[in-house]
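Here is the structure we will look at, set down as C-alpha cells.
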Amino acid sequence: MQQAIFRAIRAIPRGRVAAYGEVASRAGLPGRARLVGRVLRESPASAKLPWHRVLRADGRLAFPEDSVPHAEQRKRLSREGVELLSGRVPRRFFAWRDVELDEALWGPR
DNA sequence: AGCGTGACAAGGT
DNA sequence: GACCTTGCCACGC
C-alpha cells in the first residue's frame, strides 16, 4: 500500500504539485491524506521521492514557514519553476486538477 | 479502551 | 483570506 502511495507521488510531473488528498485518492486510498503524510515522514531519503511536490490542498506547504524543511521544499520547487505567492503555490501548478470542469464553469483560461 | 496528536480535507461563518 | 468544526486514520501513552 505504501508502494501505491510511492507510485502516485512519483507520477507527479516535474514543475507541478499535488495535494496529500489527491495523492491518497490516486493511490486508491480516498480520504486518507494523513496516511500519505505519515508515510512520507517515515520514508528515508533513499526512497528518492519527489516529496517536495506534495503539499496541502490550499497550496501551503505542510511545514511551518520558519522551518528548515519548509525552506528546503521551497527551494526544490523553485528549481522546477514553481514559486510561492503569498506563501502558497497557485492552483495552476497543481497536476490533475479537473481542467474540464474548470473550463466548463469559467471558460478556457 | 480512551484520548490527544498529526507533512490533511471540506464545509461553514 | 482567517478560523472553526467535523470527518478521517494510525500511533503512542
Side-chain angles (χ1 to χ4, degrees):
Chain A
M1 159 271 269
Q2 194 182 52
Q3 288 312 314
I5 293 177
F6 282 1
R7 278 208 323 283
I9 294 177
R10 282 194 249 264
I12 307 172
R14 226 163 58 266
R16 321 227 72 196
V17 298
Y20 292 90
E22 265 304 314
V23 171
S25 296
R26 291 228 154 207
L29 302 165
R32 304 179 68 177
R34 300 194 94 124
L35 176 61
V36 174
R38 190 172 66 80
V39 167
L40 230 37
R41 183 182 55 191
E42 294 169 0
S43 326
S46 59
K48 293 204 177 347
L49 294 166
W51 59 269
H52 55 287
R53 297 181 190 144
V54 186
L55 59 177
R56 291 189 183 174
D58 62 5
R60 285 177 303 175
L61 308 190
F63 300 111
E65 288 207 25
D66 48 38
S67 70
V68 172
H70 183 288
E72 172 64 18
Q73 184 169 17
R74 185 167 55 65
K75 188 168 80 176
R76 287 174 179 246
L77 287 172
S78 170
R79 212 158 51 199
E80 300 184 350
V82 178
E83 304 292 347
L84 312 213
L85 293 180
S86 303
R88 69 186 61 214
V89 173
R91 292 179 53 72
R92 64 172 179 282
F93 289 114
F94 279 70
W96 311 325
R97 109 193 97 133
D98 193 336
V99 178
E100 304 190 3
L101 178 57
D102 277 4
E103 293 187 350
L105 293 174
W106 300 98
R109 283 301 157 235

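Just so we're on the same page: letters track the sequence lines, and every chain starts at 1. These numbers come from a predicted model, not from an experiment.
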Rounded to whole Å, the CZ-P distance (A:Arg60 to B:dA10) equals 13 Å
Salt bridge A:Asp58-A:Arg60, side-chain N to carboxylate O under 4.0 Å: yes
Using a 4.5 Å cut-off on heavy atoms from C-beta on, say whether the side chain of A:Arg7 contacts that of A:Arg10. no
Using a 4.0 Å cut-off to any heavy atom of chain A, which nucleotides of DNA chain C are the first and last in contact, reading 5' to 3'? C:dG1 to C:dC11
So does A:Glu80 pair up with A:Arg16, basic N to acidic O under 4.0 Å? no
Is the shortest side-chain heavy-atom distance between A:Phe6 and A:Val39 below 4.5 Å? yes
What is the distance from CD1 of A:Ile9 to P of B:dC8, rounded to the nearest Å? 13 Å
Of the listed nucleotides B:dC8, B:dA9, B:dG6, the one nearest the side chain of A:Ala19: B:dA9
When you compare B:dA7 with C:dC13, how far apart are their P atoms, in angstrom units rounded to a whole number? 16 Å
Nearest whole Å is fine: how far is B:dA9 C1' from A:Glu22 CD? 11 Å
Would you give the length of the straight line joining atom CZ of A:Arg56 to atom OH of A:Tyr20, rounded to the nearest 0.5 angstrom? 7.5 Å
Toward the 5' end of DNA chain C, which comes first, A:Glu42 or A:Pro30, by nearest nucleotide? A:Pro30
Can you find a donor-acceptor pair, distance only, under 3.5 Å between A:Arg34 side chain and B:dG6 base? yes
What's the CZ-C1' distance between A:Arg76 and B:dA7, to the nearest Å? 14 Å
Of all heavy-atom pairs linking A:Pro90 and A:Glu83, the shortest is CD-O, 3.4 Å
If I compare all heavy atoms of A:Val82 with all of A:Gly15, which pair ends up nearest, and what's the gap? CG2-O, 3.4 Å
Would you mind classifying the nucleic acid contact of A:Arg56 as base, sugar-phosphate or nothing, using non-hydrogen atoms under 4.0 angstrom? sugar-phosphate
Which whole-number value in Å describes the distance from A:Asp58 CG to B:dC8 C1'? 10 Å
How many Å lie between CZ on A:Arg53 and C1' on B:dA7, as a whole number? 17 Å
